[in-house]
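Heads up, the thing below is written out as structure tokens.
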Amino acid sequence: MDINIQGILDRGNDEERLVLRVLKDCNLCRYLVLDTTFDNKGNVTNKNRHVYAFSNVAVKKDDYVVLYTKVGNAVVQKNADGTTSYFFYWNMQSHIWNNEQDIAYLVHYDEWDRFESKD
């Protein structure tokens, strides 16, 4: 993948965020972030409660992408070293990664299909 997860910072508080690093020039619109859920025995399930789809934003190698869980508005910041940091907000009212077992998945996709009911 052209982007990788650097880490989840400040789990379970209002500054909770996922930090990504761009490894190769690409567009964020081909990426999703998912979180894990667990069954009543503590096993990871195949259900995803939260899905974040990035918007159409071209990013360059060595840029950072930060996805905050909280409510906010997207911001772009130029860094002193010539890279750019992109700050996105999931606009959730609660924390997503509130314990150490929670896992963040970054998914890259090339194609999708959409169905709209015409009722």
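Index from 1, following the sequence. Values below: every heavy atom of this structure, side chains too, minus hydrogens, waters and symmetry copies. From a predicted model like this one, the values you see are computed outputs, not experimental measurements.
- Y86 approaches A58 most closely through the heavy-atom pair OH-O, 3.5 Å.
- Using a 4.5 Å cut-off between side-chain heavy atoms of Ile, Leu, Val, Met, Phe, Trp and Tyr, with links allowed through other members, V59 and Y68 fall into different hydrophobic clusters.
- Residue-environment remark: CG (N73) stays at or below the threshold of 12 foreign heavy atoms within 6.0 Å.
- Using a 4.5 Å cut-off between side-chain heavy atoms of Ile, Leu, Val, Met, Phe, Trp and Tyr, with links allowed through other members, L28 and L23 fall into different hydrophobic clusters.
- D25 contributes atom CG, which lies 9.5 Å from atom CG of D62 (distance to the nearest 0.5 angstrom).
- Here the closest non-hydrogen pair linking N91 and G72 is OD1-N, 2.9 Å.
- Rounding to the nearest 0.5 Å places SG of C26 at 10.0 Å from NZ of K60.
- Between the side chains of S85 and N79, at least one donor N or O lies within less than 3.5 Å of an accepting N or O.
- Side-chain heavy atoms closer than 4.5 Å link hydrophobic residues (I, L, V, M, F, W, Y) into clusters, and following such links, even through other members, never connects L20 to L9.
- Grouping the Ile, Leu, Val, Met, Phe, Trp and Tyr side chains by contacts below 4.5 angstrom, directly or via other members, places M92 with V65.
- Annotation: the span from N4 atom CG to L106 atom CG amounts to 8.5 Å, rounded to 0.5 Å.
- Distance check: E15 CD to K70 NZ gives 3.5 Å after rounding to the nearest 0.5 Å.
- The side chain to side chain contact (heavy atoms under 4.5 Å, CB included) test with L18 is passed by exactly one of I8, I96, V66: I8.
- Applying the side chain to side chain contact (heavy atoms under 4.5 Å, CB included) criterion to V75, with sequence neighbours excluded, gives F87.
- The side chain to side chain contact (heavy atoms under 4.5 Å, CB included) check on F115 picks up S117, with sequence neighbours excluded.
- Scanning for side chain to side chain donor-acceptor pair (under 3.5 Å) contacts around R30 gives an empty result, with sequence neighbours left out.
- For D10, the side chain to side chain donor-acceptor pair (under 3.5 Å) test picks out R17, with sequence neighbours left out.
- Distance OG1/T69 to CG/N13: 9.5 Å, rounded to 0.5 Å.
- To the nearest 0.5 angstrom, I3 atom CD1 is 12.0 Å from K24 atom NZ.
- Counting heavy atoms from C-beta on, the side chains of D35 and D102 never come closer than 4.5 Å.
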Discussion item. T84 vs V76, test: side-chain contact (heavy atoms from CB on, under 4.5 Å). Steps then yes/no.
Written reply: CA-CA 7 Å; T84 303; V76 177; 3.4 Å; yes

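- Taking H95 as the reference, D14, E16, N98 meet the side chain to side chain contact (heavy atoms under 4.5 Å, CB included) condition, with sequence neighbours excluded.
- One hydrophobic cluster, built from ILVMFWY side chains closer than 4.5 Å, holds both V57 and Y31.
- Partners of F54 under the ring-ring contact (aromatic ring centres under 6.0 Å, His included) rule, at least two apart in sequence or in another chain, are Y52, F88.
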